[in-house]
Every structure is written in C-alpha cells, then in structure tokens.
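Indexing begins at 1, ligand by ligand and atom by atom, following the structure's order.
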Amino acid sequence: MKIVHAFDDVRSVSDGRVGLVPTMGFLHEGHLSLIEAAKSQNETVVVSVFVNPLQFNEDSDLDEYPRDLDRDALLCETAGADVVFAPDVSHMYPSKQRATVTVGCVAEGMEGAHRPGHFAGVATVVAKLLAGVRPDNAYFGRKDAQQLAVVTTMARDLAFPTRISGLTTVRESDGLALASRNVRLDPDLRGSALKLSEALFDAADAFEAGHRAAESLVHIAMDRLVVGRDLQVDYVEVARAEDAGPIATIDTESFLALAARVGGVRLIDNVHLDPDTGIADRGNRLSGPSILYGGS
Ligand code: PAF
C-alpha cells in the first residue's frame, strides 16, 4: 500500500477501475465497510484522509477532531486499500478557495440549517477529490444521510462520471452509531448518547408496525430524548432520501434523522425508511468493542 500526498501521485499509482473512499481519518468499522465494498468492485482502492477545514463551522470542533495518520494507514492496509491519499491543507487549498460548490435546497434543512456553510465545504472538497482522483466509484456512509443526498446531487448535476454509493450505518454493539467523535465521549456522556439510537429504533419499530405519518414518528423519537444537562437536541426530522426534502407521509424512500449535542460533542444519526418493503434499516451492529477504543 502506498501513502501519497498529491493528486498526481494518486493517479500515477492507480490502475484499472478506481474506487474512492473519502474520509476525515480516525477510521472505524463504518469506514472499513466502505473500503471492503470498494475492494469488491474496483481494481484500485484509494482512501483519502483529510480533515477539511472548509466544512467546520466551529474552530474548537476542527481543533479537537481526532487525527492519527499512522493508525489510519495501518487500518487501510489491513482492510485491503491500495493507496492512502493524505494531502496537506496547502495541497487541497493552495490559495484562498474562491470557487465553491453549493447544492441548493438539498443542503438547506437539518444539518444545513444548523451548520451554515457546512455542506458547501463538503460539496467543494468532494468535488475536488472527484476531479483530482478521477474515481469510477465513490463510497459514503448512510449515517450522513443528508451528506449522501448532497454529494449524489452534486455529482449528478455537475456531470461527474463517478458512481456514488451509500452504505448502511455501522453501530457499536449497544446501538450507538460509529463516529470518530465518539472517542470524545466519557462514560457518562456515552450513556446519554445512547438515547439517540434508542429514539430512532422506537420510531423504526413504529414505522415497521405501519406508521407512515412523519410527524408521529418524530414525536415517538422525541419522547425518548430527555432534554437534560447533557443532551441538547438540534432537530428530529423526516426527509426524502433522494433530496433531503421534507415529507409529511412516507410514500417514498426517506430517513428519520436527528442531531444533538451530548456534552460538548455534536452527534448525528438516522434510520432509513423504505415504504415499499416496510423495512426500517437500522444499520449493522458490531459484535464486540470498536477499533475506535484501541481494539483490533
Ligand atoms: O463524511 C466525511 O468524513 C466528510 O464529510 C467527507 C465526505 C470525507 C468530506 O470531507
């Protein structure tokens, strides 16, 4: 496996069909599942590791974002990646970034409303990665359901030839969605954080029992979220999977998403709702502790 820091080097070591897994590093099993999917469909798997300053709207969140390139490189190699692309900020943004990508209403609700500029930062860096790496396929987690809609819309509307795939959420054994930020939760906060997935699973049960009114699912989820000292809910909403637009009655693929601050850590999670099958995708659970906590 090669570690490279410039777009030219990624392209010169890539062969055949190329699958890109964009990440901000501090990898967990959710990322590994994307690498495995990429490995099964491409000759070259590139994992980008870049903490993108453009998508952070709080300096403290950017400063505290966990980073460990040696650890990430080892995990990528074990998972079968061929190339780790770890550019410096000065390579991705050699001068002030004047051209940015915005994706209209897909980026306006939920995360977009609570994190102004966040999705312009995501869409811009992903557009640069697609332009620079030129992958055939790119893989994203469904845990960031609105991000997936933003990236899919951006790639389609700007005619990038890359096929975008979204893969199911991977959860810790107790249900907490895997996120690199989980390492910042102490045991007390972790207990509060668990309420997020529990709230979604309550609503998922109701969906599978036949509830289709978005408002009723939101209420069911809200009932579980005790807004206390440690848990501050930003939103609980149902949106269409395709464009993250609002929906009142779930008659097309949708997701129930929520965001909350748990202590100083902001977490998001969702369940995917398919009215055709009547199934709520809650993601896959690990059977033991996550590699986030030093396990292997
Ligand atoms: O989901 C992430 O880790 C980031 O938003 C992404 C897609 C790598 C862009 O920086």
Mark up the atoms of ligand 1 that fall under 4.0 Å of a heavy atom belonging to [X], in ascending order.
X	value
V125	9 (C), 10 (O)
T23	8 (C)
P22	8 (C)

Subject >> Point-to-point distance, once rounded to the nearest 0.5 Å, from CD1 of I35 to CG of L27 >> reply: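 Going from the CD1 atom of I35 to the CG atom of L27 covers 6.0 Å.
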Original post:
With under 30° as parallel and over 60° as perpendicular, where do the rings of F56 and Y65 fit, or are they tilted in between?
Top reply: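 Geometry flag for Y65 against F56: perpendicular rings.
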Check: [X]/[Y] side-chain N/O donor and acceptor closer than 3.5 Å:
X	Y	answer
N182	E172	yes
Y93	D88	no
T23	H31	no

Original post:
For atom 10 (O) of ligand 1, which candidate among H31, M24, Q55 holds the nearest heavy atom?
Top reply: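 Comparing heavy atoms across H31, M24, Q55, the nearest one to atom 10 (O) of ligand 1 lies in Q55.
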**OP:** Could you tell me whether V151 approaches ligand 1 through its side chain, its backbone, both or neither, with non-hydrogen atoms closer than 4.0 Å?
**Re:**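 Neither; nothing of V151 gets under 4.0 Å from ligand 1.
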Subject >> Distance-only N or O hit between ligand 1 and Q147, under 3.5 Å >> reply: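 Yes.
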